[in-house]
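Below you'll find the structure, written out as structure tokens, and then a few comments.
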Amino acid sequence: MRDIYPDFYREFKCIANRCEDSCCKDWDIDVDSETEKFYNTVNNPLGDKIRSLTYTDEYGERVFKSNNGRCPFWNDDMLCDIYIGLGEEHLSRTCANFPRVKIDFGDFRENILSFACPEAARFMLKSDRTSYADFGGDYELESSEYDEDNMSFLLKARNRSVGLLTNADEPFAYRLADCLEFNAQVQSLLDEKEPSPLADGNADGTTAFIFDMHKRFEIMSDTWKQALDDTAERADELKISGDFERDFEKFALYYIYRYYLEAVNSNDVMYSVKRIVCAYFVTGKMDALFAEQGYPLSRMRVLQRYSKEVEHSYDNTEALGAEFDKDRRFEAENLIALLENEVR
């Protein structure tokens, strides 16, 4: 198997208690079976505590019981008692791996970092398309896990999508519109239909429905909830800045490389692109509001927190897909019209 990495991947190191939004809070911490077997052999007070605070959640996963949204082993010094007491090698896989993400396609495995980690987000905001130079190159496709022709087609479509999103000659809203239009044609081919031009979209100039959807999501942070509410109130008057768009391009590249090839199984390329459109409006408008306020939350933190609140929530991503399927305002032509209105 060939492993592919962005050029910043190996530079990443967890900054532990210097992190401004630790992965040790807000989330349930999964405990894999092998790690739990080891914990069951630890005969000391720490082992007793681990066993007493491990339970099966509503999804059937073994997790640590949180303490007011914190991992119970994240101590007052914002360090991990398990790491200190048992060593890094005995962290659960979730803790040992995050924010590293392995996307395994049998013949090849693409390795990236998650934007939900502030330190990883900083690396990605300093990157550009060349950081992913090894992605989508000469892959040898021989896996029985997917159709080789389909994967080859999707790799080429992803490369074209990346080209559209990094076209510096256009405002980013137009690039996203071009990416939507292109992938609507890709979707037709995946559905074994003849591609045809999109109809003119209908957009009433308001992004309210996108914000309303996000306000219905499961929200972990009161700070994020307040920021979302405040931005939603003024969303249609706030203008997304060109400076923000230069950073958002990095976020969009992350999303494309992280999710686009899932279509080899789902047969749906539009899902990943529509998610980028939603993130663009929510984070871009929030950034415009915070620019007026002297950035109470930095741009990096806005993008990082969106990833943590939306992308990394199973319930929220399921809700996104459901809305895309049932609400016609999320159809490609209507999102294109909304993006074009943003530039006018």
Side-chain angles (χ1 to χ4, degrees), residues 1-10 93 97 99-115 124 127-167 175-198 249-277 279 307 311-312 314 317-318 320-322 324-325 330-332 335:
M1 178 185 292
R2 179 182 173 189
D3 273 292
I4 300 97
Y5 303 88
D7 64 8
F8 52 79
Y9 183 92
R10 292 182 177 86
R93 286 180 194 157
N97 292 337
R100 301 165 190 87
V101 180
K102 298 179 185 293
I103 313 160
D104 192 339
F105 294 104
D107 294 317
F108 63 95
R109 181 167 52 202
E110 296 184 331
N111 298 266
I112 62 172
L113 302 177
S114 168
F115 228 102
M124 283 182 274
S127 69
D128 58 25
R129 183 181 180 177
T130 62
S131 299
Y132 300 90
D134 291 339
F135 283 65
D138 255 351
Y139 293 173
E140 293 183 8
L141 305 178
E142 300 175 350
S143 176
S144 59
E145 297 179 20
Y146 53 77
D147 181 272
E148 293 175 28
D149 291 338
N150 201 25
M151 176 61 85
S152 179
F153 172 68
L154 287 170
L155 284 165
K156 291 172 184 174
R158 185 177 69 172
N159 285 343
R160 176 61 179 151
S161 297
V162 167
L164 292 169
L165 290 172
T166 55
N167 176 14
R175 300 185 220 171
L176 258 182
D178 290 343
C179 192
L180 273 168
E181 186 170 10
F182 168 70
N183 279 287
Q185 310 306 312
V186 172
Q187 189 63 55
S188 293
L189 292 170
L190 289 174
D191 294 338
E192 299 182 348
K193 297 177 181 176
E194 187 67 30
S196 59
L198 293 176
E249 177 186 304
K250 319 295 178 60
F251 188 79
L253 286 177
Y254 158 73
Y255 251 75
I256 282 288
Y257 285 117
R258 172 68 182 88
Y259 294 107
Y260 193 89
L261 293 185
E262 286 184 354
V264 77
N265 295 314
S266 69
N267 209 51
D268 184 357
V269 292
M270 296 301 291
Y271 178 60
S272 59
V273 184
K274 289 178 181 179
R275 286 176 68 176
I276 295 171
V277 175
S307 175
E311 176 197 350
H312 280 268
Y314 174 81
T317 54
E318 286 289 293
L320 269 173
F324 293 166
D325 288 340
F330 286 106
E331 291 180 357
L335 290 176

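Side-chain atoms are counted along with the backbone in the values below, which use heavy atoms only and exclude waters and symmetry mates. Quick caveat, the model's predicted, so the values are computed rather than measured.
Here the closest non-hydrogen pair linking Leu154 and Ala263 is CD1-C, 3.8 Å. Closest heavy-atom contact between Val101 and Arg258: CG1-NE, 3.5 Å. In plain terms, the two heavy atoms of Ala157 and Phe182 that are nearest each other are O-CE2, 3.5 Å. Tyr260 approaches Val186 most closely through the heavy-atom pair OH-CG1, 4.0 Å.
Lys102 places none of its side-chain heavy atoms less than 4.5 Å from the side chain of Ile112. Side chains of Tyr146 and Asp107 form a contact here, defined as non-hydrogen atoms less than 4.5 Å apart. Proximity of Asp147 to Val264: side-chain heavy atoms (C-beta onward) are nowhere separated by under 4.5 Å. Between His312 and Ser114, some side-chain heavy-atom pair lies under the 4.5 Å cut-off. Taking the side chain as every heavy atom from C-beta outward, Leu165 and Ile256 approach each other to under 4.5 Å. The shortest side-chain heavy-atom distance between Tyr139 and Met151 does not fall under the 4.5 Å cut-off. No side-chain heavy atom of Ile276 sits under 4.5 Å from any side-chain heavy atom of Phe251. Contact check for Pro195 versus Leu189: side-chain heavy atoms found under the 4.5 Å cut-off.
No donor-acceptor pair closer than 3.5 Å links the side chain of Lys250 to the backbone N or O of Asp128. Judged by distance alone, the side chain of Ser152 and the main-chain N or O of Asp149 form no donor-acceptor pair under 3.5 Å. Here the side chain of Asn97 pairs no donor or acceptor atom with the backbone of Arg100 at under 3.5 angstrom. Judged by distance alone, the side chain of Glu110 and the main-chain N or O of Asp104 form no donor-acceptor pair under 3.5 Å. No donor-acceptor pair under 3.5 Å is formed between the side chain of Lys274 and the backbone N or O of Ala332.
With rounding to the nearest 0.5 angstrom, the CG atom of Asp268 is 14.5 Å from the OH atom of Tyr259. To the nearest 0.5 angstrom, Asn183 atom CG is 10.5 Å from Ser188 atom OG. Atom CD1 of residue Ile4 and atom CZ of residue Phe105 lie 9.5 Å apart, to the nearest 0.5 angstrom. One finds the OH atom of Tyr271 at 9.5 Å from the CG atom of Asp325 (value rounded to the nearest 0.5 Å). Taking CZ from Phe8 and CG from Leu113, the interatomic distance works out to 5.5 Å, rounded to the nearest 0.5 Å.
Take Glu249 and apply the side chain to side chain contact (heavy atoms under 4.5 Å, CB included) test, not counting sequence neighbours, and it matches Thr166, Phe172, Arg175. With sequence neighbours excluded, the residues forming a side chain to side chain contact (heavy atoms under 4.5 Å, CB included) with Asp191 are Gln187, Lys193, Asn267, listed by chain and number. Under the side chain to side chain contact (heavy atoms under 4.5 Å, CB included) criterion, Asp3 pairs with Tyr5, Arg109, Asn111, not counting sequence neighbours.
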Tyr255/Ser272 under side chain to side chain contact (heavy atoms under 4.5 Å, CB included): CA gap, chis, key distance, verdict | CA-CA 7 Å; Tyr255 251 75; Ser272 59; 5.7 Å; no
Decide yes or no on side-chain hydrogen bond (donor to acceptor under 3.5 Å, both in side chains) for Asp7 and Tyr132, but give the supporting numbers first.
-> CA-CA 7 Å; Asp7 64 8; Tyr132 300 90; over 6 Å; no
Full working for side chain to side chain contact (heavy atoms under 4.5 Å, CB included) between Tyr254 and Ser307 | CA-CA 11 Å; Tyr254 158 73; Ser307 175; 4.2 Å; yes
Should Met270 and Phe324 be marked as a side chain to side chain contact (heavy atoms under 4.5 Å, CB included) after you check the CA-CA gap, both sets of side-chain angles, and the distance that decides it?
-> CA-CA 9 Å; Met270 296 301 291; Phe324 293 166; over 6 Å; no
Give the intermediate values and the outcome of side-chain hydrogen bond (donor to acceptor under 3.5 Å, both in side chains) for residues Ser266 and Glu262.
-> CA-CA 6 Å; Ser266 69; Glu262 286 184 354; 5.9 Å; no
Take Leu261 and Leu155 through the test side chain to side chain contact (heavy atoms under 4.5 Å, CB included) and record every step on the way to the result.
-> CA-CA 7 Å; Leu261 293 185; Leu155 284 165; 3.8 Å; yes
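Relative to the ring axis of Tyr257, Arg158 does not place its NZ or CZ within 45° and under 6.0 Å from the centre.
Classification of Arg160 and Glu181 as a salt-bridged pair fails, no side-chain N sitting under 4.0 Å from a carboxylate O.
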